[in-house]
Novice: 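Before anything else, here's the structure in question.
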2 protein chains.
Amino acid sequence: MASERPPSPTRGSYAKGVARRQEILDRAIEVFAQRGADKTSLRAIASEVGVTHAALAHYFGSLEELLVAVYRESERKGGRRPVADPDVTPVEIMRISARENREVAGLVQLYSMLVASALEEGHPAAREFATDRFAQQREKLATRVRSNQRAGLIRADVDADAVAALVIAASDGLQTQWLLDPDAPQDAALTLLEDLLAGPQHS
Amino acid sequence: MASERPPSPTRGSYAKGVARRQEILDRAIEVFAQRGADKTSLRAIASEVGVTHAALAHYFGSLEELLVAVYRESERKGGRRPVADPDVTPVEIMRISARENREVAGLVQLYSMLVASALEEGHPAAREFATDRFAQQREKLATRVRSNQRAGLIRADVDADAVAALVIAASDGLQTQWLLDPDAPQDAALTLLEDLLAGPQHS
DNA sequence: GTCTATACGAAGATAGAC
DNA sequence: GTCTATCTTCGTATAGAC
């Protein structure tokens, strides 16, 4: 309790690196929000952060890994605590998530770019990011669907895994359409899906 | 019917250019299918076609415009005649389209990349392509939905425009998930949506 | 471990020769 | 109209100072 003992010599020097990495990441997020996901090269970020582009490569390995880190960190910061109430529908979950993402400039664009890269060969970082994310989201939403079904909020005759995949796909796709054309019926389409899933008894 | 009159001298010299452009486009499609949407640079295409990368820039203006041309031409060639039967559901339309797209290697990846680029600023060609495509698809499908509703194939109490946007979003998103994880319930989710839209009387 | 300096090859764009 | 030559910028890799 008195004086903090310094970390062991063999691993002590990690502290600075971790803090520095976080500092760079925070700045990179700002740069990203301002310049857009596309024009943000390693050199551009490095220049604005105040380091050389080689330093970024040192901390993050590659541009793509930096982009993944930026997205994960942006989402972590912008995201409120996960919705605890099990009676909230999957569509409402995606609605909340979409609203949060839209508040962070460039985040949806970055997500779209990462997913597109993941589809190409030779992009392991993006591929892993997208694959994991879809799998986790599908599992999380499927669990919620089953809970909703027990509570009578979602009709019992639909497959929970299919619903999860469908809701994610619809949410992603509608967000894209909305960015390209704000007149596209994003909310209406999402609400429609929600009503359809609620079953015949929906108000 | 006898002999084709050559085009007028003032515009005749276009003929060679148009033919050459088409020839380059055909080769570019093959190169694309083999190498993937990502690693296909202007130089790579030019090298395989047998011209310099500057020639491609001359014919297509920019890499992005070439990519848009490649996608449009690939889709035109792969697409069968449009489905005439007005009783085919929008979901079935997207299923057919998805099946055709999947037969052309790299086409879905290219589409995903173009849409992602369209979301970024400073990509007018991709932006125009994606905006137009979504608008056309929404209009086409909405008309079909209304027809389906009159025929009793789709429940009458849903908004046709919202259905169109929803079906497109679901189809695009599910195709992406399927590419990243073939175990994702793509068909099940699409069929689910189809059944939900059919209404309470669905078998 | 952290980071700078530097070099390399490849990319898209463009000016101007032919 | 077509293409060579060149410009700038990019991501990555390495060597070595601290």
Side-chain angles (χ1 to χ4, degrees), chain A residues 6-25 27-28 31-32 35-70 110 113-114 117 120-126, chain B residues 7-25 27-28 31-32 35-70 113-114 117 120-126:
Chain A
S8 75
T10 52
R11 297 181 59 89
S13 47
Y14 280 172
K16 181 187 173 188
V18 170
R20 187 95 179 95
R21 190 190 135 108
Q22 184 64 41
E23 183 186 334
I24 292 175
L25 200 48
R27 281 291 294 130
V31 175
F32 235 77
R35 310 193 25 153
D38 187 49
K39 285 187 260 298
T40 307
S41 65
L42 272 185
R43 283 175 164 83
I45 300 173
S47 157
E48 302 227 28
V49 173
V51 296
T52 61
H53 65 278
L56 298 185
H58 169 71
Y59 280 112
F60 297 95
S62 72
L63 171 62
E64 199 154 64
E65 290 175 87
L66 170 60
L67 298 187
V68 170
V70 164
L110 175 55
M113 210 211 71
L114 286 174
S117 296
E120 304 281 344
E121 289 186 12
H123 294 250
Chain B
S8 74
T10 52
R11 297 181 58 88
S13 49
Y14 281 174
K16 181 186 173 188
V18 169
R20 187 102 180 89
R21 190 190 134 108
Q22 184 64 40
E23 183 187 333
I24 291 175
L25 199 48
R27 282 290 295 128
V31 176
F32 234 79
R35 312 194 23 155
D38 186 49
K39 286 187 260 298
T40 308
S41 64
L42 274 184
R43 281 174 165 83
I45 299 173
S47 158
E48 302 227 28
V49 172
V51 296
T52 63
H53 67 277
L56 297 185
H58 168 70
Y59 279 113
F60 297 94
S62 70
L63 170 63
E64 197 150 270
E65 289 175 85
L66 170 59
L67 298 187
V68 169
V70 164
M113 209 212 71
L114 285 174
S117 295
E120 304 280 343
E121 289 186 12
H123 294 250

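Within every chain, numbering begins at 1; the chains are lettered A, B, ... in the order of the sequence lines, protein sequences first and strands thereafter.
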Novice: Can you list the residues that meet the side chain to side chain donor-acceptor pair (under 3.5 Å) rule with B:Glu64, with sequence neighbours excluded?
Specialist: B:His123
Novice: Nearest whole angstrom, please: distance from the P of C:dT2 to the CG of A:Leu56.
Specialist: 14 Å
Novice: Side chain to side chain donor-acceptor pair (under 3.5 Å) with A:Arg21: which residues, sequence neighbours excluded?
Specialist: none
Novice: Among residues at least two apart in sequence or on other chains, which ones pass side chain to side chain donor-acceptor pair (under 3.5 Å) with A:Glu23?
Specialist: A:Arg20
Novice: Along nucleotides 5-18 of chain C, 5' to 3', which nucleotides get a B, which get an S, and which get a -, given that the test is a protein heavy-atom distance under 4.0 Å?
Specialist: BBB---BBBB----
Novice: A:Ser62: what forms a side chain to side chain donor-acceptor pair (under 3.5 Å) with it, not counting sequence neighbours?
Specialist: A:Glu65
Novice: Given atom CG of A:Leu66 and atom C1' of D:dC10, what is their separation to the nearest angstrom?
Specialist: 15 Å
Novice: Among residues at least two apart in sequence or on other chains, which ones pass side-chain contact (heavy atoms from CB on, under 4.5 Å) with A:Glu48?
Specialist: A:Arg27, A:Val31, A:Arg35
